[in-house]
Number of protein chains: 2
Amino acid sequence: MSTRSQDPVGRRATIMDVAAAAGVSRQTVTRAMNGMTGISEVTRERVQRLAAELGYTPSRFAKGLVQGARISVGLAIPDLTNPYFPAFASSVVEAATQRSWNVVVDDYGHGTASGLDAVARLAPQVDALIGYLGEHSGEAQAMMGRRPVVALDCPEGGAAGNISFDYPYAARLAMDHLVSDGRSDIAYLDSDQGGPAASRGSATAAVAAEAGIAVTRCHAAPSAKAAREAVDDLLRSGVRIDAILAFNDLMAAGALKALQDGGKSVPGDCAVIGMDGIPLGELTTPELTTLSLDLRTVGRTAVDLLDALLSGSVEARSPAASLILRHELIVRRSA
Amino acid sequence: MSTRSQDPVGRRATIMDVAAAAGVSRQTVTRAMNGMTGISEVTRERVQRLAAELGYTPSRFAKGLVQGARISVGLAIPDLTNPYFPAFASSVVEAATQRSWNVVVDDYGHGTASGLDAVARLAPQVDALIGYLGEHSGEAQAMMGRRPVVALDCPEGGAAGNISFDYPYAARLAMDHLVSDGRSDIAYLDSDQGGPAASRGSATAAVAAEAGIAVTRCHAAPSAKAAREAVDDLLRSGVRIDAILAFNDLMAAGALKALQDGGKSVPGDCAVIGMDGIPLGELTTPELTTLSLDLRTVGRTAVDLLDALLSGSVEARSPAASLILRHELIVRRSA
DNA sequence: AGGTCTGCCGTGAACGTTCACGTCGTCAAA
DNA sequence: TTTGACGACGTGAACGTTCACGGCAGACCT
């Protein structure tokens, strides 16, 4: 009839269409569809049958408008391709599902996009946000207005809630382990992303300086491939090293490969320690010693914090909304 | 004032609140917020300032109701923890973002849930669905009504769109490679999930039978750990094998580990071939030979198909809505 | 002066549901 | 017969936006 029958989203049939087809009122259709009382079984079935025939699906917008909205939270992460993030995302989705929230994921890694693009896309669609936002947590919170944002790994903390990591503690853990193993020529294989991530490197440098150990720092994109090439260059440059501390497990795995390619034995000639404790670490040969984070805990913690923020039981930007998590050293084969 | 100031979702302020505060009408606020013309710069800035102060964020429901909805598609996957799925999800998110769609992810792996639970959660929230739904694609399509579903790896094809894989072709690729390498005692390490996934195993068995090769089949959960244990048992059982074909790369990686634990050299004593071609395969030692799928292509294909279905340029359940993708053999070190 | 244009702003209507009522029977008890 | 209760169903209102208008000044032209 009207031009909107061409509507790409098949939301043609409305509740009124069903009501007309069944010869009843809107409200009766509502009663039939939502399992409410106050309707006879025969009518209910007839209405449901008609609804199915017409392909009627209630508008989530109209529903959301009139009822209290079902909460949906945005999840902004830089790169689903890095195993750390899906592991994290998985636990967020799990915790959110338990609360009947749903999760809108935006992976802002592909283009040249930054986290803010993801936030811009997500902001009109969600009631709250969880994300690795780099240094942009302040702007992100501004875009979200009163709706709470939980930022991870962003020590400055412009967001309503902040979850950060105790890098000095982690660095000390690794350093102690390496030193007590007799290692002295340590390289730190850093990510070249800068931003808050750089605090991993500077924490390591500080701890090493404190212990009187010189650390060679080198940089690469946070992927296994880039790390492999960087370590390759490092080896070729002739610098003596007997241990590599990597920005994350993915880079550690790349380092492992480069060392093996270069004829070095691990951990014999050179130890390797990764960071974050992703499952991948158990599949390399040798298996990766790593500063592990319990990723399920991280995701759950983020959702718990968000819940507290939403319910008002924790004040935004208050000390209680700022959590610090610690890594744990898991000693496997590589160091 | 009213009790709804306790609203957990901070959607207190409406457009009317802003209008009242600024002493203007709704429409002027709309003009100010949406960068529309027909408003003076001073008024625009005043309104925007007031809006920010009140923490006003437009209701996505009201907006969606009156404007044509922004499309959001559900993505139902069994397990974000298996690297295959995030790789897939990543490409779906990328392709969807390019179209200004957004993606609601549901990972139905954690509980004892099946894909249908995910669909039930997703159905009221989305305009379309992409998913690994096992054998439930028919029910899923029914739940979604007229809204299109693209099901992956579900040959029966109850969904509007179907993307499946040519397993006989892949099996032949692997078998040829192994046979030409002189392997004759082949084990197929299958997933114990059953469902359409089982077609990988039966295709392999069929191809092997055709070539006159006996294949030992064993089963495990589709995780590296379970595969490792299964292969461990296999080795202990004393069966002679000189090649393992695995259900996926994760299981192949587990098999690798078990072989190494058991003192077997790979590929010397036993070859290993994985399936799907996830990045992890380049990080094991030896690197994994695998039947690779270009995962970015798979995701993009799914979104393209969904787009065609939504726009009506492809008829649901028509032959054009049924795509078959082929694996490609990538020979690395393990076979 | 009369006319038109343009910039700024306001008002009804519509989007598709659900909520809180209201109505109309029918049947049983008083 | 009246009363009350109850089951089945319908009707206005509301949710918060945007769209399509309409109005009202002032500037500018003839």
Side-chain angles (χ1 to χ4, degrees), chain A residues 2-5 7 9-48 50-51 54-70 123-125 127 145-147, chain B residues 2-5 7 9-47 50-51 54-70 124-125 127 145-147:
Chain A
S2 73
T3 61
R4 33 194 294 282
S5 62
D7 194 350
V9 185
R11 167 106 357 97
R12 259 194 339 272
T14 83
I15 200 173
M16 286 306 276
D17 299 328
V18 180
V24 297
S25 70
R26 298 173 312 211
Q27 185 61 18
T28 298
V29 177
T30 297
R31 281 190 269 253
M33 301 302 289
N34 298 7
M36 300 164 67
T37 162
I39 183 178
S40 72
E41 245 356 89
V42 282
T43 321
R44 179 186 306 267
E45 277 167 26
R46 191 164 49 91
V47 169
Q48 283 178 344
L50 262 335
L54 293 175
Y56 165 68
T57 6
S59 154
R60 67 174 180 283
F61 296 110
K63 208 164 205 162
L65 189 56
V66 62
Q67 296 175 325
R70 180 200 192 92
Q125 307 287 337
D127 306 303
R146 287 229 190 304
R147 298 165 295 170
Chain B
S2 73
T3 61
R4 35 193 293 281
S5 61
D7 194 349
V9 184
R11 167 113 347 104
R12 260 193 340 270
T14 83
I15 200 173
M16 286 307 275
D17 298 328
V18 180
V24 297
S25 70
R26 299 173 310 210
Q27 185 61 20
T28 297
V29 177
T30 297
R31 282 190 269 251
M33 301 302 289
N34 297 7
M36 300 164 67
T37 162
I39 183 177
S40 71
E41 248 352 271
V42 281
T43 321
R44 177 185 307 258
E45 277 166 28
R46 190 165 50 91
V47 170
L50 262 335
L54 293 175
Y56 166 68
T57 7
S59 154
R60 67 175 182 282
F61 297 110
K63 208 164 204 160
L65 188 55
V66 62
Q67 296 175 325
R70 181 201 190 91
Q125 307 287 336
D127 306 303
R146 288 228 189 306
R147 297 166 296 170

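Each chain gets a letter, A, B and so on, in the order its sequence line appears, and its residues count up from 1. Everything quoted here is computed from the prediction, not taken from an experiment.
Rounded to an integer number of Å, the gap from B:I15 CD1 to C:dA14 P is 19 Å. The distance between atom CD of B:Q67 and atom P of D:dG16, rounded to the nearest whole Å, is 17 Å. Taking atom CG of residue A:N34 and atom C1' of nucleotide D:dC9, one finds them 16 Å apart after rounding to whole Å. In this entry the distance linking CG of A:L65 with P of C:dT17 reads 12 Å, nearest Å. When the C1' atom of D:dG16 is taken as reference, atom CG of B:L54 falls 15 Å away, rounded to whole Å. At whole-Å resolution of the value, CZ in A:R70 and C1' in C:dT17 are 16 Å apart. Rounded to whole angstrom, the span from the CZ atom of B:F61 across to the C1' atom of C:dT17 amounts to 12 Å. Atoms CE (B:M16) and P (C:dG10) sit 11 Å apart, rounded to a whole Å.
Between B:R60 and A:P124, the closest side-chain pair of non-hydrogen atoms is not below 4.5 Å. You'll find the side chain of A:P58 stays beyond 4.5 Å of the side chain of A:I15, heavy atoms only. Proximity of A:V47 to A:R31: side-chain heavy atoms (C-beta onward) are nowhere separated by under 4.5 Å.
Going from atom NZ of B:K63 over to atom CG of B:N34 covers 5.0 Å, rounded to the nearest 0.5 Å.
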request  = Would you sort out whether B:Y56 and B:D17 count as a side-chain contact (heavy atoms from CB on, under 4.5 Å), showing the intermediate values?
outcome  = CA-CA 8 Å; B:Y56 166 68; B:D17 298 328; over 6 Å; no
request  = Go through the steps for B:T57 and A:R147 under the test side-chain contact (heavy atoms from CB on, under 4.5 Å), then give the verdict.
outcome  = CA-CA 9 Å; B:T57 7; A:R147 298 165 295 170; 3.0 Å; yes
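A:Q27 comes within 4.0 angstrom of a base, heavy atoms only.
Proximity of residues 35-44 of chain B to DNA chain D (heavy atom under 4.0 angstrom from any strand atom) is not detected for any residue.
The nucleotide whose nearest atom lies closest to any side-chain atom of A:K63 is, among C:dT11, D:dG10, C:dT17, C:dT17. Counting only heavy atoms from C-beta on, B:R26 has its side chain closest to C:dT11 among D:dC9, D:dC15, C:dT11. Out of C:dG10, C:dG16, D:dT11, the shortest distance to the side chain of A:S25 is found at D:dT11.
The nearest pair of heavy atoms linking B:L54 to B:A13 is O-CB, 3.7 Å.
Interface remark: the B:R60 side chain does not form any donor-acceptor pair with the D:dG16 base, using a distance-only criterion of under 3.5 Å.
Dashed line: the shortest gap from a side-chain N or O of A:T30 to OP1 or OP2 of C:dT17 is not under 4.0 Å.
The nearest heavy atom of DNA chain C to A:V66 and to B:T28 marks one nucleotide each, and the one closer to the 5' end goes with B:T28.
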